[in-house]
Trainee: 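Please find one structure pasted underneath; my questions will follow.
Fair warning: this is a prediction, and the values are worked out from it, not measured in the lab. As a basis for the values below, the full set of heavy atoms in this structure was taken, side chains included, without hydrogen atoms, waters or symmetry mates.
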Amino acid sequence: MSASNGQERHYKTIIIGSGPAGYTAAIYAARAEMKPLVIAGPEPGGQLMITTDVENYPGYPKAVTGPQMMEDFRLQAERFGTEIKYDTVTKVDLEAQPKRLWLEDETEYTADTVIISTGASAKWLGLPSEKEFQYRGVSACAVCDGYFFKEKPVAVVGAGDTAAEEALYLAKLCPVVHLIVRRDEMRASKIMQKRVLNNPHIQVHWNTETEEILGGEDGNVGAVRVVNNQTGEKQEFPVKGFFVAIGHKPNTDIFKGQLDMDATGYLITQPDSTRTRIEGVFASGDAQDHVYRQAVTAAGTGCMAALDAERWLAAREDEEAEVAAG
């Protein structure tokens, strides 16, 4: 039974999260007459809300801002009857049947199925200038934003495989990529380190930390000031893009102890499926994808989760009908 008034809080499916995965799941679930509830979470729209122009999502030939794209997703989900609640899930009991979820004000909701689309959050350095220049040259995704800095100098911060991948991707577009590494070695795999060190467009700065991101005359990122943490020497590099690649943290803490996850917190799903280890619970988007982390792949897994949930519900209803028929 789906919620029909302010007193009824049971749904066939509740979707936690409102990024591309969550809204796509909602579109499919709503069209399947599942009357879903989307609980938008602390950052409605997800990471795209801090993205300027999106040029690599099919269907937007003239590009679209991240916030506008998520507004389009929301309107499409609502068109088919999705209910959206702007609140945050703080506690869950997924083993229960129906599943139980509590919001910040301790209001309890129940659902036959739950689709988790809570996403992941980029880790930042914590500099005030990072926030100041978001939308204006600071990014956490080279694949998403690198093209805007074609033929311009950029900087990447990080030492793992993600940073190496970002630097190598940008090196195809930019004349110089300053890779800022805090220690005297990288954590990236040996093969990735070799590729970075052999690339003529990448300049690695060892034992170096970012002190400040500096603005240019146009009000966007214009340079970065770094300091050598061994000698104290400071330098400034002219750059137009500043990419933070120190990792992402999946927003999955409330599911610890209930769902299987890897060492960094990404939810583990069954092969070729969005099913988790708990029947009726499905995971999609960046909460379970540590490889691609793109809007289009998140949307794809949101579609998969809704289809998996619909089929799971149908199978359960068939079983109940057989039992009732004797």
Side-chain angles (χ1 to χ4, degrees), residues 47-48 50-57 63 65-66 120-125 127 129-183 185-216 218-226 235-248 286 289-297:
Q47 294 184 78
L48 280 175
I50 59 170
T51 302
T52 50
D53 287 345
V54 179
E55 294 188 326
N56 55 3
Y57 197 96
T65 67
S121 299
K123 295 179 181 178
W124 299 97
L125 298 174
L127 298 173
S129 51
E130 273 179 321
K131 290 185 177 180
E132 180 183 353
F133 290 106
Q134 273 188 2
Y135 312 103
R136 293 187 288 151
V138 171
S139 172
C141 180
V143 175
C144 309
D145 300 326
Y147 191 80
F148 300 118
F149 304 97
K150 189 175 182 180
E151 305 299 333
K152 299 174 183 177
V154 297
V156 175
V157 178
D161 278 341
T162 298
E165 289 168 3
E166 301 267 282
L168 288 164
Y169 178 84
L170 290 166
K172 299 174 184 177
L173 304 170
C174 306
V176 59
V177 178
H178 297 282
L179 182 59
I180 302 169
V181 179
R182 186 165 53 91
R183 300 189 301 173
E185 60 182 1
M186 296 182 68
R187 292 180 289 100
S189 60
K190 296 298 183 183
I191 185 66
M192 294 301 291
Q193 291 189 47
K194 184 176 180 181
R195 290 174 183 169
V196 165
L197 295 174
N198 288 340
N199 192 298
H201 297 287
I202 300 175
Q203 296 181 17
V204 182
H205 304 274
W206 305 105
N207 297 313
T208 301
E209 298 181 35
T210 304
E211 189 173 77
E212 202 66 73
I213 303 162
L214 307 172
D218 58 1
N220 299 319
V221 170
V224 58
R225 184 168 67 239
V226 300
Q235 288 180 281
E236 288 186 11
F237 306 125
V239 296
K240 288 299 185 180
F242 183 85
F243 293 85
V244 181
I246 57 176
H248 286 73
D286 287 10
D289 172 23
H290 62 89
V291 178
Y292 300 103
R293 296 198 304 266
Q294 299 296 303
V296 69
T297 52

Trainee: State the CZ-CG distance between Arg182 and Asn207, to the nearest 0.5 angstrom.
Mentor: 10.0 Å
Trainee: Quick one: does any side-chain atom of Gln193 pair with a main-chain N or O of Ala188 as donor and acceptor, under 3.5 Å?
Mentor: yes
Trainee: Would you give the length of the straight line joining atom CZ of Phe237 to atom CD of Gln203, rounded to the nearest 0.5 angstrom?
Mentor: 7.5 Å
Trainee: Hey, are the side chains of Asp53 and Thr65 touching, using non-hydrogen atoms and a 4.5 Å cut-off?
Mentor: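 SC-SC contact between Asp53 and Thr65 confirmed.
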Trainee: Closest approach of Leu168 and Met192, non-hydrogen atoms and distance?
Mentor: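 Leu168 and Met192 have their closest heavy atoms at CD1-CE, 3.7 Å.
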Trainee: Return the minimal non-hydrogen interatomic distance between Met186 and Trp206, and the atom names on each side.
Mentor: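 So the two residues come closest at CG-CZ3, 3.6 Å.
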Trainee: Would you confirm whether Glu130, through its side chain, and Leu125, through its main-chain N or O, come within 3.5 Å as a donor-acceptor pair?
Mentor: yes
Trainee: Between Leu170, Val221, Val176, which is the residue that forms a side chain to side chain contact (heavy atoms under 4.5 Å, CB included) with Val154?
Mentor: Leu170
Trainee: Between Arg136 (side chain) and Gly219 (backbone), is there a donor-acceptor pair under 3.5 Å?
Mentor: yes
Trainee: Parallel, tilted or perpendicular: which describes the rings of Phe243 and Phe149, with under 30° parallel and over 60° perpendicular?
Mentor: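 Geometry flag for Phe149 against Phe243: perpendicular rings.
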Trainee: Whether the side chain of Asn56 engages the backbone of Cys144 through a donor-acceptor N/O pair (distance < 3.5 Å, no angle test) should be reported.
Mentor: no
Trainee: Over all heavy atoms of both residues, which pair between Ala171 and His201 is shortest? Give the atoms and the distance, please.
Mentor: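 That closest heavy-atom pairing would be O-CD2, 3.7 Å.
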Trainee: Knowing that exactly one of Leu197, Ile191, Asn198 qualifies, which makes a side chain to side chain contact (heavy atoms under 4.5 Å, CB included) with Arg195?
Mentor: Ile191
Trainee: Compare every heavy atom of Thr162 with every heavy atom of Ala245, then report the nearest pair and how far apart it is.
Mentor: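 So the two residues come closest at CB-CG2, 4.2 Å.
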Trainee: How close do Ile213 and Phe133 get, heavy atom to heavy atom, and via which atoms?
Mentor: O-CE1, 3.6 Å
Trainee: Do the side chains of Phe148 and Glu55 get nearer than 4.5 Å, heavy atoms only?
Mentor: yes
Trainee: Rounded at 0.5 Å granularity, tell me how far CD in Gln294 sits from CG in Asp286.
Mentor: 8.5 Å
Trainee: Among Arg225, Glu211, Gln134, Glu212, which one satisfies side chain to side chain donor-acceptor pair (under 3.5 Å) with Ser129?
Mentor: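 Among the candidates, only Glu212 passes.
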Trainee: Decide side-chain contact (heavy atoms from CB on, under 4.5 Å) for Leu214 and Glu236; before the verdict, give the C-alpha distance in whole Å, the side-chain angles of both, and the deciding distance to 0.1 Å.
Mentor: CA-CA 9 Å; Leu214 307 172; Glu236 288 186 11; 3.5 Å; yes
Trainee: Specify the closest pair of heavy atoms between Ser139 and Asp145, including all atoms of both residues, with the distance to one decimal.
Mentor: OG-OD2, 2.6 Å
Trainee: What's the spacing between Gln47 CD and His248 NE2 if we round to 0.5 Å?
Mentor: 4.5 Å
Trainee: For the OG1 atom of Thr210 and the NE2 atom of His178, what is their distance to the nearest 0.5 Å?
Mentor: 11.5 Å
Trainee: In Å, rounded to the nearest 0.5 Å, how long is the span from CG of Leu48 to OH of Tyr57?
Mentor: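 Answer rounded to 0.5 Å: 9.5 Å.
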